[in-house]
Amino acid sequence: MDTLTLPGGGVGGAFGIVPLARLAWETSMQQFDLYIRPAKPTLGLYVRKGAGLSDLEDADQWQLAGQVWENELPPGLLRELEANGHAFQELGG
């Protein structure tokens, strides 16, 4: 197995010896920004990381709540993101 040794010498995790296949997988994953509208906190809006909300008419009513990796999203939501560049999701209950 090909590996990459990173400075720090830890066991597993981000430092130490990391299999290149794992490193390639982690860097190929897409990340998305999650925005929440405080007026309706049960509605989430996902966009590609760093894309912002410049095309959204009411962008000032949304707040960045964090980021998620593509494998954290349901497949249908991920397909919608890939097709439209954004996706809405009801959060919680």
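The basis for the numbers below is simple: all heavy atoms, side chains too, and nothing from hydrogens, waters or symmetry mates. When a residue number appears, it is its place in the shown sequence, counting from 1.
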To the nearest 0.5 Å, how far apart are [atom1] in [X] and [atom2] in [Y]?
X   : Y   : atom1 : atom2 : value
E82 : F32 : CD    : CZ    : 6.0 Å
M29 : E72 : CE    : CD    : 7.5 Å
Q61 : L53 : CD    : CG    : 11.5 Å

Determine which pairs satisfy salt bridge (Lys or Arg N to Asp or Glu O under 4.0 Å) with at least one residue from residues 48-68, sequence neighbours left out, and list them in order. R37-D58

Would a hydrophobic clustering, with Ile, Leu, Val, Met, Phe, Trp and Tyr connected at side-chain separations under 4.5 Å, put [X] with [Y]?
X   : Y   : value
L64 : L73 : no
L45 : L77 : no
V68 : Y35 : no

Looking only at non-hydrogen atoms, find the nearest pair between P41 and P38 and report the distance. CD-O, 3.3 Å

Closest non-hydrogen atoms of G50 and D33, given as atom of the first, atom of the second and distance, are N-OD2, 2.9 Å

Between the side chain of Q30 and the main-chain N/O of E70, is any donor-acceptor distance below 3.5 Å? no

For L43, the side chain to side chain contact (heavy atoms under 4.5 Å, CB included) test, sequence neighbours excluded, returns K40, W62, F88, E90

Could you pull out all residues at least two apart from L34 that satisfy side chain to side chain contact (heavy atoms under 4.5 Å, CB included)? I36, Y46, A65

